[in-house]
**Student:** 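This is the structure I have questions about; it appears just below.
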Amino acid sequence: MNIVTSIRGRWLAVGMAAAAALAAALVLLLAHSAPAPADVNLNNLDCRGHVEKGSPATDETGAPQVKYVFACNGPITGFQIQPNIEVQGYETEVFGIDSKTQAVVPTDSFSCNGDLPGYGINCVGNAGFLDNKLQTYDPSQKSYVQIPGQFSITGDICAEPRVDPLLTVVTAVKNSDGTVAQKIAGPFDLGRPSKSGCKASASSGKIRIPSTGPDTSGDLG
């Protein structure tokens, strides 16, 4: 699915003041504080996904687009994408999609910002990753919510070293006394481009997180 955003919205992040960004993030985290599931440790969420060639840029730059898609086994209120290649632009708004129908899930959405050019995309909002019918996370049903987005880089997506982003997620949880606790999980390796027609190379099959650690590449379900 291609997410439709305005050209202005996609490239808006340049010049945003750090104080304003921090204030906006805090407001969103408080507004979307999630109840902590009894059976999920939010500091140990399992998040997986992949990257692939994105939709062509619609502006005059024609910069190559990288599409990322991920899902987690519990709610999050923020995430960060950390590519190993300098980011030239990104979507500032991303929305959840039903993995089976590809329909937009408006309750799962994020607002993103970060320096351009840079190596980090910071997004705040809310995603419950719930099955639309069962109201529970069940990847075997093939209808859980995914979060897709795009960012741009210079050069060919298949050129070495290929893009290999890390993902870190955050969940703000409101305690019984009204305070907010922040849970952090990751990093998760989204891997090198798949479904993009890239030829095998000496680095094929390698990821940034050492192979001795848990394998977090590949999609859930």
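The basis for the numbers below is simple: all heavy atoms, side chains too, and nothing from hydrogens, waters or symmetry mates. Nothing fancy with the numbering, it's 1 onward along the sequence.
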**Student:** Would you name the heavy atoms of V69 and P148 that are closest together and state the gap between them?
**Tutor:** CG2-CB, 4.0 Å

**Student:** Find the distance between CG (L42) and SG (C72) and round it off to the nearest 0.5 Å.
**Tutor:** 10.5 Å

**Student:** Within the side chain of N175, is there an N or O that forms a donor-acceptor pair under 3.5 Å with the backbone of D177?
**Tutor:** no

**Student:** Take F110 and E93 through the test side-chain contact (heavy atoms from CB on, under 4.5 Å) and record every step on the way to the result.
**Tutor:** CA-CA 6 Å; F110 293 87; E93 294 180 317; over 6 Å; no

**Student:** Does any N or O in the side chain of N84 come within less than 3.5 Å of the main-chain N or O of P165, such that one atom is a donor and the other an acceptor?
**Tutor:** no

**Student:** Please round to the nearest 0.5 Å and tell me the distance separating atom SG of C123 and atom CG of L167.
**Tutor:** 9.5 Å

**Student:** So, D189 side chain and R208 main chain: donor-acceptor pair closer than 3.5 Å or not?
**Tutor:** yes

**Student:** Could you check S201 against E160 for side chain to side chain donor-acceptor pair (under 3.5 Å), going step by step and ending with a plain yes or no?
**Tutor:** CA-CA 8 Å; S201 72; E160 294 289 1; 2.5 Å; yes

**Student:** Would the distance check show the side chain of D164 and the main-chain N or O of G191 forming a donor-acceptor pair, the cut-off being under 3.5 Å?
**Tutor:** yes

**Student:** Within a strict 4.5 Å, meaning less than it, do heavy atoms of the Q182 and I184 side chains meet?
**Tutor:** yes

**Student:** Keeping the roles fixed (side chain from S196, backbone from P193), state whether a donor-acceptor pair exists under 3.5 Å.
**Tutor:** no

**Student:** Decide salt bridge (Lys or Arg N to Asp or Glu O under 4.0 Å) for R48 and D46; before the verdict, give the C-alpha distance in whole Å, the side-chain angles of both, and the deciding distance to 0.1 Å.
**Tutor:** CA-CA 7 Å; R48 303 189 188 187; D46 182 13; 3.2 Å; yes

**Student:** Determine yes or no for a side-chain-to-main-chain donor-acceptor pair under 3.5 angstrom, with D98 supplying the side chain and K100 the backbone.
**Tutor:** yes

**Student:** Taking it one step at a time, do V66 and Y68 satisfy side-chain contact (heavy atoms from CB on, under 4.5 Å)?
**Tutor:** CA-CA 7 Å; V66 179; Y68 61 86; 5.8 Å; no

**Student:** Given side-chain contact (heavy atoms from CB on, under 4.5 Å), test Q88 with S152 step by step and report yes or no.
**Tutor:** CA-CA 5 Å; Q88 302 300 317; S152 63; 3.6 Å; yes

**Student:** Quick one: are V105 and I97 in side-chain contact, heavy atoms under 4.5 Å?
**Tutor:** no

**Student:** Kindly determine whether S203 and R192 satisfy side-chain contact (heavy atoms from CB on, under 4.5 Å), including the steps that lead there.
**Tutor:** CA-CA 9 Å; S203 297; R192 290 153 54 87; 3.6 Å; yes

**Student:** Are F188 and F70, when compared by the centres of their aromatic rings, separated by less than 6.0 Å?
**Tutor:** no

**Student:** I need the minimum non-hydrogen distance between I121 and C112, along with the two atoms involved.
**Tutor:** CG2-CB, 4.0 Å

